[in-house]
Amino acid sequence: MKETEESNLAQNPSLKRRTSLSFISAFSACLGPVQFLHTRILLPIREHIEKITFDINEEKDFGDIVQVKIKNDKAEWFCKFVEVKSPSGKSFKFPCYRWIEKKEVAIREGSARLPQDDTLVFKKESDEERESKKDTFRWIESNEHFSQDLHTKREELPLDVQFDEDKTSHFDQSLRNVKWNTVKEWGKYLFQPWNKIEHFEQILADWNSETTLLVNVKEDWDTDYMFGYQFLNGCNPVMIRKCVELPKTFPVTYEMVKGSLQRGFTLEQELEKGNIYIADYEILDGLEPNKKHQNNPYFLTAPICLLYNNKMDQIVPIAIQLSQKPGKRSPIFLPNDNEHDWRLAKMWVKSSDFNVHQLVTHLLKTHLISEMFELAMYRQLSPVHPVYKLLIPHVRFTIAINTQAREKLNSEDGVFSKISSISADGIEELMKRAMKTFTYKSMCFPEAINARGMENTPKYYYRDDGMKIWEAIYSFVDQVIKIYYDSDEKVKADVATQHFVKNVNYGMENFLSGMKDPEGKKFPLSLKTREELVKYLTAIIFNASAQHAAVNFGQFEWYGWIPNSPSTMRQPPLQEKGTVDPKPIMNTLPDRGCSFEVLRTVWLLTQFQDKERCLGMYPDEHFTEQPVKEAILTFRNKLDELTDIIKRRNKGLTMSYCYLSPHQIPNSVAI
């Protein structure tokens, strides 16, 4: 272990306590004559990482050591690893990366093992460990109507899933920056007007975080091209799909849109040729709007937007209906309508998109789904299991950040109650609806792209980069899995992995946890082949790393200019054409306080931690075998190649797409 890596190990500052170590006992496969063992333990003492090295005088030859037990007689402490060196010079490494809280903790030698290859003694230990973890990591029914961790406050979480010192320091500093900007903003509040769209610049200027993309958004947000581009490469690149047939609830005719069609074809012909796309927000239909914040009612609608791939390969809007019920009070807005009508219609679409993105695409489908896999992992897999070792870097801090989010963002008085157009009851119903359509296939990136008919859509960088990342992860997981599973039979016989999959699906004990899909219609009940296992793990890792990065880290750039994606609307949706002028638009957009809440929230959510562990960076050496280390190196090299490819591509773009560049993809959902 390199010194630089050792120095990066962080501790939770609230738990820095004096270490008290009684003794280590070691268990081996064979015994022999008197020998000395040289033992090294890496652990944090007070504010520093320290190695404790000592010799143990033992009258028998330990042979190959398979387990050490650490006895702890006082306060908890964090152990990174134990390394034992025998007189013959052979070293045995015991990865730990856990808090030592109990009186006695057993740590297995670092070689990954399948449960069917274990001795009866170790099988019994693993069973006991799993049972104890079920008390620590408990399923509960959440408001989102699927399972999550029991704890409601970050400090109540098990020590092993809490933030470390570096993460805590980074998070707290970000919060301090937010509070300081809040003080500055409200200090200027009484002296600045708020009656023109240009005045949104006032609150944005305080953040000093303008990027080239944000500048482009501010300049071109009102253009049809910028509006359409965001469906491909903005914060929510999963709503758009190829339109093969117009919904009956959206009676668009050729006469309405012929001025927007550039190839001389009818609307029906353009549909057949694959040039028509649609974004439908039916999931919002009928939800209760938020009426509680400062006694100012917010308004919500469920629009449908038709888009067209024009001759310049630009995706642009050609028709918008602001409800799911066509009729005189729900006109279809067109690009050749009054410019204020068309602008406001697009704002309504973007406001709906903001709410679906934040609550479904981002919160539910990356944060909360990743937490569910993490809970099942801790409950069912031993730390020596190869699947546990593969997944552990990709669930780091997820329970902790979600606990923080439930407290600060999703609670009754949280941020979403101030900035979202949807009431608390509406959010609960939205989550129910989203979970009904959420499937394992939708987590598998290539299948999700194909299901929306987006395989050949031009300038869809989210798809292009996402496919490369998916393939790189799949190849890496495939290499590792084949080291431990030499046949499909090994997968079938792996009871721990099968229990993990079942726990994800229906929680095993009461059918009320996990996906609640006991018939396996949406999620697998078991995995029968190595290929199925590789794909399953790839989906988990991709969702926690790449998918989260794609829908999280662009938020300040795309939402920083509030008119581009208003979180709320303060006036009812348009019910007739020709009634809008600039003043009612400002009265409809979020007020100053709401806009500032949005800004500080999306700024906080897009801050990278110093020394961020990005995809493929595994400083915690859970795997000790050389073949896996070589697979990790191959993975890292492939990701470096992809980073270079994306950088070269971006040099030719007016608006770079960086959210799926490997060097900007954290390993896990941790912010």
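Everything numeric in this text was worked out from a predicted model, so none of it was measured.
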(request) Return the orientation label for the F500 and F373 ring planes: parallel under 30°, perpendicular over 60°, tilted otherwise. (result) tilted

Compile the donor-acceptor pairs under 3.5 Å between side chains in residues 541-548 and protein atoms, sequence neighbours left out, one pair per line.
| from | atom 1 | to | atom 2 | distance (Å) |
| --- | --- | --- | --- | --- |
| N543 | ND2 | K365 | O | 3.0 |
| S545 | OG | I541 | O | 2.6 |
| Q547 | OE1 | Y462 | OH | 2.8 |
| Q547 | NE2 | Y462 | OH | 3.3 |
| H548 | NE2 | H367 | NE2 | 3.2 |
| H548 | NE2 | I671 | O | 3.4 |

(request) Could I get the full list of ring-ring contact (aromatic ring centres under 6.0 Å, His included) partners for F438, not counting sequence neighbours? (result) F523

(request) Could you list the residues that satisfy side-chain hydrogen bond (donor to acceptor under 3.5 Å, both in side chains) with D160, not counting sequence neighbours? (result) none

(message) Once salt bridge (Lys or Arg N to Asp or Glu O under 4.0 Å) is applied, what residue pairs with a partner in residues 105-117 remain, sequence neighbours excluded?
(response) R108-D118, E109-R113

(request) May I have all residue pairs that pass salt bridge (Lys or Arg N to Asp or Glu O under 4.0 Å) and include part of residues 546-555, sequence neighbours excluded? (result) none

(request) With sequence neighbours excluded, tell me which residues meet side-chain contact (heavy atoms from CB on, under 4.5 Å) with A539. (result) Y440, M443, C444, W470

(request) Would you list the pairs meeting salt bridge (Lys or Arg N to Asp or Glu O under 4.0 Å) in which at least one residue belongs to residues 388-399, sequence neighbours left out? (result) D164-R396

(message) Going by the rule ring-ring contact (aromatic ring centres under 6.0 Å, His included), which residues pair with H357 if we only count those two or more places apart in sequence or in a different chain?
(response) H362, Y559

(message) Restricting to side-chain contact (heavy atoms from CB on, under 4.5 Å), what partner residues turn up for E557, sequence neighbours left out?
(response) T211, L213, Y659

Report all side-chain donor-acceptor pairs from residues 635-643 shorter than 3.5 Å, counting only partners two or more places apart or in another chain.
| from | atom 1 | to | atom 2 | distance (Å) |
| --- | --- | --- | --- | --- |
| N637 | ND2 | L633 | O | 3.4 |
| T643 | OG1 | L639 | O | 3.0 |

(request) State which residues pass side-chain contact (heavy atoms from CB on, under 4.5 Å) with K124; sequence neighbours excluded, sorted by chain then number. (result) E128

(message) Which residues pass the side-chain contact (heavy atoms from CB on, under 4.5 Å) test with E531, not counting sequence neighbours?
(response) Y474, T529

